[in-house]
Every structure is written in structure tokens, then in C-alpha cells.
Number of protein chains: 2
Amino acid sequence: MSDDTQGEQDTSGSRVTLESVAKRAAVSRQTVSNVLNAPHRVRPMTLQRVHSAIAELGYRPLLAARQLRTQRSRIIGLRLEPVRDGINGAVLDRFLHALTEEAQRGGYRTMLFTAHSDEDEIARYSELLATTSVDAFVLTSTHGGDPRTSWLTRQGVPFVSFGRPWSDTGRLSDTGHSWVDVDNAQGTRAATEYLLSQGHRRIAFLGWPAGSGVGDERREGWRRALSKATAWSASTLVALSAETTDSVEHGAEAAAGLLAAKYRPTAIVCASDSLAIGALSAVAAEPVAVVGFDDTPVAAALGLSSVAQPVERAASDCFELLLGHLGATSAISANRLLKPELVVRRTSPAAAG
Amino acid sequence: MSDDTQGEQDTSGSRVTLESVAKRAAVSRQTVSNVLNAPHRVRPMTLQRVHSAIAELGYRPLLAARQLRTQRSRIIGLRLEPVRDGINGAVLDRFLHALTEEAQRGGYRTMLFTAHSDEDEIARYSELLATTSVDAFVLTSTHGGDPRTSWLTRQGVPFVSFGRPWSDTGRLSDTGHSWVDVDNAQGTRAATEYLLSQGHRRIAFLGWPAGSGVGDERREGWRRALSKATAWSASTLVALSAETTDSVEHGAEAAAGLLAAKYRPTAIVCASDSLAIGALSAVAAEPVAVVGFDDTPVAAALGLSSVAQPVERAASDCFELLLGHLGATSAISANRLLKPELVVRRTSPAAAG
DNA sequence: CAGCTCGATTTTATCGATAAAATCGATCGC
DNA sequence: GCGATCGATTTTATCGATAAAATCGAGCTG
């Protein structure tokens, strides 16, 4: 009858409660509770006695009971977004994993839910909060005029967004809530500077239509690096920049357009790995460098150079900020802007000439 | 002071409880509870009165209180695995999303946790169960000699695995628990038969080393389809089959080997999209067809033909089976074997000759 | 019409924890 | 040496729901 896991109690059939531990240690129920929640109040000797009683009986507090009394669940809610193209979805996947792990380490759990729109998501918030199912939220994919952040702020719910708040027009806005984000401009700037250092001069940018915040930032990083290092005029820069929606097909088309234009680039910096993969197929065997963004598994698989986001770091920062909100009653918002890192692979060789 | 969400109550500050609803409807607390949990016991007129009181006050039951009393959480636990190559991870991602959505529809929630090994996962089970944090589990990535299923069965915990139970030797085994799986052999058979119908005869298989269960099944489907339709001898079939670990690089190497061998194949069926992408690069511009497995987003992006698993269906079946276990006290195990579907794209053209 | 059944509802007890107040010695200052 | 102080512990009250038992009245039966 030896069990594989230690502390495998409960042969008697009835649950081990504070009460039974208290009896075993010959103290009151409350003292056992104090041992767990406020050990400084307990005399060392008692502390030890209770601890061993807990260990012997394999006691684990019933979370529902604690939750009922404290009105806290120690659970973090997170919306699981539909898998879009799934290429970039991999970033959120890693984020989710890292956040879950981090939360687990900190005594929290992550609970998922799905929603079909921002409004739907807000309705879920409302439900989860009303039933005290979660204490806080982590938001992803913030975007212009996001109604979620303002709703949560208004309700005074602790939350952190992975992604900065954007205004309707795609500019950064200060809504005063906590966020963690990756410096997109810094990423494309690093990519562009690397290509410059490899002898490239005509470096194009392949990105999304203006107004998306994230996309604009990525373009801006490229633009700044290039205008600082070269003599290209503003209008030439515009000619070196293509815009299209995020997919491999569109990336291929737009890249082909860039290659056929007046200023034929020798390198292309892309706003996403999807676009970059499209660009790769347009480039075919020609010596044109391509760099993607997000360093998704596909990039690694195909040998695509790409800008990697420090996702694990982002997750632990999110949790840290969240803990700050959960501890304090006042809402002091804080931010973290993380540096991405360029991962150089086969697709970004030095310039030919 | 009008709010955006309907039923935005609680201006008073205090929580809406069964008690307050009862007072409003001029009935007892228990009757309100009955309205929610056993409406057949309540007279239609009373039912209606209580219902409108609930609506007016925007009442939502506090889950922790219910959970404390019923010892049920209506939460399903699920281990979030580390993102392996992330290409195939996309399948689990979709599964997780579908399961969460399905559970939500059925009044359940999904809670995540991470673990570093099977033993670690079992320790998490133990903890989650001891604290009554979850009612049931959904397992993924079952494998030979899986200790998790036997532990859960021994403890009498409701669970369903996405993936069949395998013995240590990689054969199917009957451990008597509920599972949902996709018929792998059927998938590769469909792929092979399609290639045959397109005029291909020398169709190779690129898969994983023997002993992995899933991998063996996928090879078997190919073998059966081919030996039924062609005159290849058993030894020739062996020569047409390559084995390597699951990665793009290894796939490229092994595919190159196949192409250089005596029976040069005109088509290659692969055990995964990773291998298939590797094969694609080995094939380069030559007219050799390639089919992958799992229909991951990368496959769609690259125009790779691939065998798609009905992941959403698998998720809803898992939840359905789980509900069966959660309802009944007896443990009647049930299974579902789902048919995958071949998605034909550019990489599987008709045979050249 | 007494007694019984039965549907509808209320009363009582309980789930397992924590907060807040009360208790109880021992120590300390003056 | 007496009240104040303080640390350690216990007592009491409560969180919000549901299960099980009790009640109560209407309708039925013989």
C-alpha cells in the first residue's frame, strides 16, 4: 500500500481540514491558519509542531473555502485568441506558457476563456468578476481604441496588457494602465543596422498598412536607421517601402513589386515572419537578404533571420506588475519596454557587390 | 451613470447574493437556489418571479461558495506543454482553443498548469485535486508506458486523453480509459491513395524511428495502401522508407537520401509537416510530390499538401466524454476514433511521366 | 371527514477557511 | 506590587451557497 507520491494521505476517506490538523497539533484551528498565512504571529515551537502535523496528514487548504472567505481566487484570467495565421500565434503560445509557469511559481493559476470580439471579452470579464472566478487579467493584442482597457480601469480591476495602449489613430496613448511591451522600432532598427554593417545600402521595408501601431513602429525603426546612415531622400524611402496585409501570399506579391521597382533593394526588412516567408519565395535564388520579425518556429525551420521578442521575460514582467496591483489597494501603473534581439540566420548574407 | 454592459448592478457596493434575490422575490434563499439548480421543483409562477428578481439585480452565483458546498469546481485542468518545435505545437494550440470554447459553452472552465515531466505532472494533479481546484483532466501527448493515465485511473479521477494509450513497445494497449484520437493510418493511407490516383507509383515514406506509436501508425497506413495497390516487395517497401527525428533539417537530409537511392521516389509521404518542409527543400525544383501531416499553418503558408486532423471535433468529443464521466458515478470508458482529411495543395502534383 | 399523499416551500445544518475580537499569562514600568 | 502592555492563542462570527429534513396546505381516498 505504499504510494508513489509522497504525502499520499487520506486512506481514511475523509478530507484533511484545518480542524484535523489543529487536533493533531493540539492547537486551535485559527493557529493552524496563522501558521500558513501569518507565521510571525506564532511561537517557533508551535510553528514547528503544526508544520509537522501538516506534513504528516498531508494537509492542503481547500481553495474554495479560502476564496469564499477572502474574496480572492488567486487566479489570473486570460483570453485565448483564435489562432489567426498560426505563424504569429506561436508568440502568444510561448507567452501563455511562460505566464502560466511564472504564475504557478508565484502561487497563482491561469484560467482561460474565449471571446469573439472585444465586447464579448468584456462580457466575459464581467462574468468572471461577478463570480469571483479571477482576481486579475492579462490582456494581449492591444489595439487602437481598445475598449477593454478603459472598461477594466473604470471597474478598478487589476490588469496588465502585453502590448502598449494605442490611440484610434495608431499613435501611442497614455491611458495610465500597466503594460509590458517590446520595443518594435528598436527591433527593426537593429535588423536594418545589421544589414548596413553587412554592406547593404538599398534596404527595403515590407510591412502592414499604416495605422496599426505595432506595424507603424516597425516601419519607423527601419526608416530612422536608414535615414541616419544613408543619403536616401524621404521620397526614395517611401519608394523602398511596401505595404500589404499580413500573409505569405501578399508578402510574396509585395516583395516581387519591390524587386521590380526602380530602386531594386538588396535586402528586405519585414514586419512579420509571414511576410518574410513570402518575400523569400519572391526572392528565390537571387542574393537578396530577408529579415523577418517574431522569430517564430517557422523562421528557425527555414533558416530565416528574424527579430526575436523576449517573450518569457515579457511574461514574467507582466506577472510581476500584476502582483504589484494585487498587493496594493492603490493603482500605481508601471511599464516595461523590452529590447528585442536580432537572430541572424542564412537569409541575411552580406551584400553581393 | 448608464453603463455599457447590461445588468451592470451593484451601485450600492454590496454583493448581490441569494439572500438579496430571495428578499426581492419574497421567497426563501433555498427557493432561489432551486430555481437555478432544480427548476422542476418550483411552481411556474414562483419561477418567473424569481427569474425576474435575478435579472433585475443582476445576480450571479459566487462560484467559490457553490464549490465549497458541492465539492465541485466545474473546472477542467490541462497541462500546457512546452512549445517543442512550435510547428506541430500549433495543433495543440488549436485543440486548446476549441476545448476552452466547448467547455465554456457547457458551463465549464479550463485551467492551465505546466510540468517538466510526467512525474511532475502527476504531482500537479495531486495538488489540484487536493485543493479541489479541478474536477477533471484532459491529457495530451499520450505515449508508451504513460504513468499519468494509470495514476488517474487508480485515483478514480475523471479524465479523457487526446491520443490513444500506447504500450511501452509502441503498440496500442487497452488501459480502459476514455480517449479521443485521430486515425493516423487512415491519414497516410488517404495521402498515399491520392498520390496513386495521380499516377505516382514509387511513393516513399519519411517518418520517425519505430516505437513511437503515432509514428508507426502513420507508416503503416502508407505501407498498406502501397502494398495493396502495387507490386512492390516487402524489401522494396523498406527501401522506400526513411526514419529520422522530427525536424526540418533531419527531414531534408533523409529526403535527400531517399532521392539518391536505388528506387528514386516520385512522391514522399511524411509523418509531419516539419519533415515535409525539410523534404521540400531537398526536392527543390524537381517534380517530386510531398505530403505532410497535421496541416499546420506553415503548411498552408508554403502550399504544402498535408493531412489535417479534425482538431475542433476532437476537442468537443473530449469534452463530451468528460461530461459523461462527470455526470455518472460509475466509470464507463468510451472512445472516439476520428478520420483525418487530406488537404491538397501545390506540393502534390500528378506524376511527371 | 380523518388520514394520507404529494408538491411547494422553508428551516436547519454544513461545506472549510479567515477576520476580528476576546482571552490569558507573562513581563514591565514606576 | 498593581495596572498597563504585549505576545500568543483561542473564541466567535462570517463568507454564500446547497443538501437534507421539516413544514404546510391542498387534494385525494375510503
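No experiment lies behind these values; they were computed from the predicted model shown. So you know, we letter chains A, B, ... as the sequences are listed, proteins then strands, and number each from 1.
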B:L62 near the nucleic acid: base, sugar-phosphate alone, or nothing, with a heavy-atom cut-off under 4.0 Å?
-> sugar-phosphate

Enclosure of B:R41 CZ (heavy-atom neighbours >12, cutoff 6.0 Å) | no

Just to confirm, is there a sub-4.0 Å distance from OP1 or OP2 of C:dT18 to any side-chain nitrogen or oxygen of A:R66?
-> yes

Looking at five pairs on each end of the helix from C:dC1-D:dG30 to C:dC30-D:dG1, what is the angle between the two axes, given to 10 degrees?
-> 50°

In terms of the nearest nucleotide of DNA chain C, which residue is placed more toward the 5' end: A:N37 or B:S28?
-> B:S28

So which nucleotide from D:dT9, D:dA17, C:dT10 ends up closest to the side chain of B:T31?
-> C:dT10

Mind checking B:T17 for me? I need base, sugar-phosphate or nothing, with any heavy atom below 4.0 Å counting as a touch.
-> sugar-phosphate

Hey, what are the protein-to-nucleotides 20-27 of chain D N/O distances that come in under 3.5 Å?
none

Nearest-nucleotide wise, let me know which of B:R29 and B:A26 is further upstream toward the 5' end of DNA chain C.
-> B:A26

Among D:dT9, C:dT10, D:dA17, the one nearest B:V27 by side-chain distance = C:dT10

Closest non-hydrogen atom pair, B:R148 against B:T140 | NH2-O, 3.0 Å

Within residues 68-77 of chain B, find the residues that approach DNA chain D with a heavy atom at under 4.0 Å, and present them sorted by residue number.
-> B:L68, B:R69, B:T70

